[in-house]
There are 2 protein chains.
Amino acid sequence: MDKQLIPNVSVDSVVFGFDSVHLNVLLIGRNILYKKTVQRDWKLPGDLIRWDEDLDTASKRILKELTGLQNIYMNQLKAFGSLDRLIRRPQDMSWLISIDHPERRVITIPYYSLINLSKNGQINLDLTTNAHWVHVDDVSHLPLAFDHQEILVFALETLRNELRTKPLAFELLPSKFPLSQLQKIYEVIFEVSLDKRNFRKKISNLNYIVALNEKEAGVSHRPAKLFMFSKDIYHRLKTENFDFTI
Amino acid sequence: MDKQLIPNVSVDSVVFGFDSVHLNVLLIGRNILYKKTVQRDWKLPGDLIRWDEDLDTASKRILKELTGLQNIYMNQLKAFGSLDRLIRRPQDMSWLISIDHPERRVITIPYYSLINLSKNGQINLDLTTNAHWVHVDDVSHLPLAFDHQEILVFALETLRNELRTKPLAFELLPSKFPLSQLQKIYEVIFEVSLDKRNFRKKISNLNYIVALNEKEAGVSHRPAKLFMFSKDIYHRLKTENFDFTI
DNA sequence: CCAAAAGTGTTAGGAGTACACCCATGA
DNA sequence: TCATGGGTGTACTCCTAACACTTTTGG
């Protein structure tokens, strides 16, 4: 056991990636030996944190070590620390023994991150660590380690909540995007379908979504106008508005 | 150091209490000896957690031990674990030494709670522990231990966010309340003033806020009709609605 | 010329906002 | 009878929701 690590506090990352069609989550494949057969299962990227690093720093470091991802949007979720979280599944117990994990109790502090996966800005996934993008809809059928299924569900709920009131959709898009992509994000994440005209009317009232003098290229249909999100304008405008819903 | 305690993970509670005029927060007064004078400062109720209890359990236990409060609404916030959070103020360092606190690093998991403080349902504060209700507006002038000021600010922000979309106001009210009290909560917490007629119109559309055949008693003005919040009706209704704001 | 997605306007209903006076009670 | 907060309606504006056809490009 590395002396630099706090033995009972970890971070985990729920990295959401949007590929212009699906919302995906980044999982690490494991092959664990259990009852003399090799079983495949999945976990969230994560690890113990060090004595000499802040939580955010730890989360960034571990994500980079395990996946190569850097400089992406990141937000802390609530901690998960139930007594039995590491030992709910017998496979997990035998895995912990196999890696010589000494601790009876680990409290984990999950983060969620957002990233765009479209063809241009190729993602620099470090494949030696077995990281894979999985459609979020498929995850519920997969065996996930520990309480990672629960963490993922919580992360998705939080993403939905934050997406309602914060300009997070743009973290899932390339810097220049057509409006149909923006709409798709809301449709996929909230599992609804939205009216194109009403959506665009709504967007056109938001001055921080700026039309560019550029169009998509290389598509076999009428090319869409590209837009960008202006953080500056957004912050200048969002010092007004009161509104509540009980 | 108690062997039953995890040495580097604590919980803290931000307990908000509404007294029909102000939003208050529960703080514990400390007298610390620093540079040969006794100084008064304040901290959030909190302590290290035990190896054999879940986070929520720990939070409930510690809140009860320190204040006598039980069975109140409680919600976990994000963890605070920066490297210097215990040693930003020299007073805190000398206090930690005085209580023989061994740990260089403690990550705390804060919770916020909501409670009603009106005269009827007298609160059972255990005064031996020096717990006091302080108006939230006054807290920024008080010396708070560690990063507790920061935790409090985050808790208040979170309370505001959740109050926009969840029926939390009722946790701050007695079970039967006049509409003016409900309005006051939004006005105090969001620091706005709302139009009485418009507020009441909005409320009358919410079927889960139910008018009772009862009136206030003992007030020296026209007595107000009392209302209650129906959790049942609320949950039956809130399985609809899509709406987002970027 | 076909397939595919982009782009565009109108109408009707509901929600939000601004605003001023009378009512019921206890002291 | 006075002081105090309770209680009520209307008109205007703005946002939302429903709905179908034409345009531009590549193949």
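Values below: every heavy atom of this structure, side chains too, minus hydrogens, waters and symmetry copies. Residue numbering restarts at 1 for every chain, and letters A, B, ... go by the order of the sequence lines.
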Near-ring test B:F177/B:F170, centroid separation under 6.0 angstrom
yes
Distance check needed: C:dT17 C1' versus B:N205 CG, whole Å only.
15 Å
Aromatic centroids of B:W42 and B:H132 separated by under 6.0 Å
yes
Can you identify which nucleotide, out of D:dA17, C:dA6, D:dG6, has its nearest atom closest to the A:K201 side chain?
D:dA17
Tell me which of A:N198 and A:S220 sits closer to the 5' end of DNA chain C, going by the nucleotide each one is nearest to.
A:S220
Using atom CG of B:D195 as one end and atom P of D:dG7 as the other, report the distance to the nearest whole Å.
15 Å
Tell me the interatomic distance from A:R222, atom CZ, to D:dT25, atom P, rounded to whole angstroms.
8 Å
Distance-only side-chain donor-acceptor flag, A:Y234 / A:N207, under 3.5 Å:
no
Between A:R200 and C:dG7, is there a side-chain N or O to OP1/OP2 distance below 4.0 Å?
yes
B:L182 CG - D:dG7 P separation (whole Å)
13 Å
Round to the nearest Å and state the distance from B:K202 atom NZ to D:dC15 atom P.
15 Å
For A:K196 and B:E216, take the nucleotide of DNA chain D holding the closest heavy atom to each; which residue's nucleotide lies nearer the 5' end?
B:E216
I'd like to know if the side chain of B:Y186 pairs up with that of B:E191 as donor and acceptor (distance under 3.5 Å, no hydrogens or angles considered).
no
Roughly how many Å is it from CD in A:Q181 to C1' in C:dA5, rounded to a whole number?
12 Å
Would you check if there is a donor-acceptor pair between the side chains of A:E162 and A:N75 at a distance under 3.5 Å?
yes
What integer distance in Å separates A:K225:NZ from C:dT8:C1'?
13 Å
Less than 4.0 angstrom between a side-chain N/O of A:S180 and OP1 or OP2 of C:dA5, yes or no?
no
B:H221 side chain: which of C:dA24, D:dT25, D:dT4 is closest?
D:dT4
Whole-Å distance separating the CZ atom of B:F199 from the C1' atom of D:dG6:
14 Å
Taking the nucleotide of DNA chain C with the closest heavy atom to each, which residue, A:L226 or B:K215, is nearer the 5' end?
A:L226
For the side chain of A:R197, counting heavy atoms from C-beta on, which of D:dA20, C:dA20, D:dT24 is nearest?
D:dA20
